[in-house]
Amino acid sequence: MTTTTAPPTARSRIAELAAAQITPWQEGYLRDSPKDVAVLARLRRGAGRDAADLPDLWELVDTSPLQARLEGVRPLGEEELVRAEDALHAALTLWALHQQSRGARMHRPHTYKQPAGLGAAVRRLMPPDGIDEPVRKRLVRAGTAPDLTSLSQRLRDLIVLLRRADIPLDYGLLAGQLYSWQWPGGADTIRREWGRSFHSWQEPAAQTPSQSPDDTAASLDDSHKDAS
């Protein structure tokens, strides 16, 4: 009996590409490789900025693997590639900001036992037995961003907090989410993912009825409350 595997989605390919690009840079930076230290310095300047404003970073945000013709996998179309480039630019530059002056890996793959999504990372900034409202509002404000550039700027503020606390993030996962964000209805989907992730790091017994994942997801979906 033979089995078939569904072809990878554009989102999953972008997530894998972001992780594949970040991992060697991260390892080189931790070894104090001059080349990789220089790459991070270049990327860092793009955090929170539009990809079109920094043509000198285009060679680092390499989407050529997404255009390759592989068996069973179609190359991305022009509109998909533009959104992929913007998502990769945002994810790679935010990671470079996050990794700056850190001696540990700030990109860490998400696992069920060790959640590393954005919501989980933000939740770790807070005390285990309470919600830090100013920090939560930063996440909500990111969730209400009107476009990707604004979203990147608001995420930049959160990344600075995560860097200070040495809390890692899965930047492959984030890159895929930033790609999906740009499509019609995508922002709603990603806001709910962040809301569920916000609670994923806790033990179920630590949650209370007033702090259910759907409660946080609902607040992220609200484009009016806490958006200022």
Q) For Glu80, which residues count as a side chain to side chain donor-acceptor pair (under 3.5 Å) partner, sequence neighbours excluded? A) Arg74
**Q.** side chain to side chain donor-acceptor pair (under 3.5 Å) involving Gln182 - partner list, sequence neighbours excluded
**A.** none
Q: Please name all residues satisfying side-chain contact (heavy atoms from CB on, under 4.5 Å) with Ala10, sequence neighbours left out, ordered by chain then number.
A: Leu76, Tyr179
Q. How would you list all residue pairs meeting salt bridge (charged side-chain N to carboxylate O under 4.0 Å, His left out) that involve residues 82-98, not counting sequence neighbours?
A. Glu79-Arg83
Q) side-chain contact (heavy atoms from CB on, under 4.5 Å) with Trp58: which residues, sequence neighbours excluded? A) Pro55
Q: Please list, chain by chain and in numerical order, all residues satisfying side chain to side chain donor-acceptor pair (under 3.5 Å) with Gln177, sequence neighbours excluded.
A: Glu193, Trp194
Q: Applying side chain to side chain donor-acceptor pair (under 3.5 Å), name anything that partners Asp62, two or more places apart in sequence or on another chain.
A: Ser64
Q) Who pairs with Ala116 by side-chain contact (heavy atoms from CB on, under 4.5 Å), at least two apart in sequence or on another chain? A) Arg108, His110, Asp170
Q.
Suppose we screen for side-chain contact (heavy atoms from CB on, under 4.5 Å). Which residues come up paired with Glu78, at least two apart in sequence or across chains?
A. Val82
Q | Pairs meeting criterion salt bridge (charged side-chain N to carboxylate O under 4.0 Å, His left out) with involvement of residues 27-39, two or more places apart | A | Glu27-Arg105
(Q) List the residues meeting salt bridge (Lys or Arg N to Asp or Glu O under 4.0 Å) with Asp166, not counting sequence neighbours, and say none if there are none. (A) Arg102
Please table the atom pairs, donor to acceptor, closer than 3.5 Å between any side-chain atom in residues 45-53 and protein atoms at least two apart or in another chain.
residue, atom, partner, partner atom, Å
Arg45, NH2, Asp56, OD2, 2.4
Asp50, OD1, Ala52, N, 2.8
Asp50, OD2, Thr149, OG1, 3.4

